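Below is one structure, written out as structure tokens; comments come after it.
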Amino acid sequence: GFALLGGHPSFLTTQDIHLGTNESLTDTARVLSSMTNAILARVYKHNDLDLMTKEATIPIINGLSNLYHPLQILADYLTLQEHYGRLNGLTIAWIGDGNNVLHSIMMSAAKLGMHLRIATPKGFEPDLRITKITEQYSREYGTKLLLTTDPLEAADGANVLVTDTWISMGQEEEKKERLKAFQGYQITMQTVKSAASNWTFLHCLPRKPEEVDDEVFYSPWSLVFQEAENRKWTIMAVMVSLLTDYSPQ
């Protein structure tokens, strides 16, 4: 995306840079600020992004953290806007883990007039602090919010069905336990029977069959590949927005 805008991207892998290991996050943020115009960082601890934002003199973009995944949600919302022609009034059903993608939906859906129905297994609920903020937003913007452990209840009347991986990065050792806990959470045509007649399906990819079956994933109502493409357009929009009024110090 940055290259298409005429910029010169530099991709630093874990072999190229060891954030907070060989060099402190403070030092890395300051060094990169002197050499680049923006940093898009994929990290584990969200606090690392907060620290980099504090120390850098250039924009820091959250490419992913354990708490939020905002770039993904922008792509999701663009996809829904393209398909439905609106966001206001839509009902989103999340069926899966209380993870960073869900947190980003929770922090934004009500502000755009969308209702939210969330089904997570017991013990895998979203962060309580984010839930409290979401409840406040729901009251403030007049939207409906449901938290349940029943996938069919969450899907009831929903326009958009969304799920994600059940095993996020850093949770690989929990795979056996998680697969057991998420039994019954696979999205199938049985699940969508209770959804709205104009239902669609989203998944940020990569997808595993236990999360959603092929019949739904490859159906005409699945928007996953349009959603994947929109990751490019939305990150381009973010970078243009952040850099338009930015002057290097």
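Keep in mind it's a predicted model, so treat the numbers as computed, not measured.
- Using a 4.5 Å heavy-atom threshold, the side chains of Y77 and I105 count as touching.
- The shortest distance between side-chain heavy atoms of T200 and L80 falls below 4.5 Å.
- The hydrophobic cluster containing V162 also contains Y84, counting ILVMFWY residues as joined when their side-chain heavy atoms lie under 4.5 angstrom apart, directly or transitively.
- Note on I187: it clusters hydrophobically with I167, by side-chain heavy-atom contacts below 4.5 Å among ILVMFWY residues.
- Between E215 and T188 the shortest side-chain heavy-atom distance does not fall below 4.5 Å.
- The two residues G63 and R42 make their nearest non-hydrogen contact at O-NH1, 3.3 Å.
- Under the 4.5 Å side-chain contact rule for hydrophobic residues, L146 and I133 do not share a cluster.
- Between N230 and E82, the side chains place a donor N or O and an acceptor N or O closer than 3.5 Å (distance only, hydrogens not considered).
- At least one side-chain heavy atom of T131 sits less than 4.5 Å from a side-chain heavy atom of E135.
- Taking CD from Q190 and CG from L152, the interatomic distance works out to 7.0 Å, rounded to the nearest 0.5 Å.
- Under a cut-off of 6.0 angstrom, the local environment of CE in M35 is sparse, with at most 12 non-hydrogen atoms contributed by other residues, nucleotides or ligands.
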Subject >> Residues T149, Y185; criterion side-chain contact (heavy atoms from CB on, under 4.5 Å); working and verdict >> reply: CA-CA 10 Å; T149 57; Y185 275 74; 4.0 Å; yes

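- In the hydrophobic clustering of ILVMFWY residues, with side-chain heavy atoms under 4.5 Å counting as a link, F124 and L102 come out apart.
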**OP:** Test side-chain contact (heavy atoms from CB on, under 4.5 Å) on I39 and I58 and set out the steps.
**Re:** CA-CA 7 Å; I39 299 171; I58 58 176; 3.6 Å; yes

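- Of the inter-residue distances, the one linking Q186 atom CD with Q183 atom CD reads 11.0 Å to the nearest 0.5 angstrom.
- The aromatic rings of F201 and F217 sit perpendicular, their planes meeting at an angle over 60°, well past the 30° parallel limit.
- Relative ring orientation between W166 and F182 is described as parallel, the plane-to-plane angle staying below 30° on a 0-90° scale split at 30° and 60°.
- Counting only heavy atoms from C-beta outward, the side chains of V224 and V212 never approach each other to under 4.5 Å.
- No hydrogens or angles considered: a donor-acceptor pair under 3.5 Å links the side chains of T148 and E153.
- When side chains are defined from C-beta on, D164 counts as touching H203, because their heavy atoms get closer than 4.5 Å.
- Heavy atoms only, all atoms of each residue included: L205 and A228 are closest at CD1-CB, 4.1 Å.
- Rounded to the nearest 0.5 Å, atoms CG (N66) and NE2 (H46) are 8.0 Å apart.
- Residues I73 and S108 are in side-chain contact: their nearest non-hydrogen atoms beyond the backbone lie under 4.5 Å apart.
- A continuous path of ILVMFWY side-chain contacts below 4.5 Å connects W233 to F2, so both sit in one hydrophobic cluster.
- A salt bridge does not link R117 with D150: every distance from a Lys NZ or Arg NE/NH1/NH2 to an Asp or Glu carboxylate oxygen is 4.0 Å or more.
- Side chains of D50 and N47 form a contact here, defined as non-hydrogen atoms less than 4.5 Å apart.
- Nearest heavy-atom pair, I61 versus M239, reported as atom, atom and distance to 0.1 Å: CD1-CG, 3.9 Å.
- Neither side chain, D76 nor T79, offers a donor N or O lying under 3.5 Å from an acceptor on the other.
- Other residues, nucleotides and ligands contribute more than 12 heavy atoms inside 6.0 Å of the NZ atom of K208.
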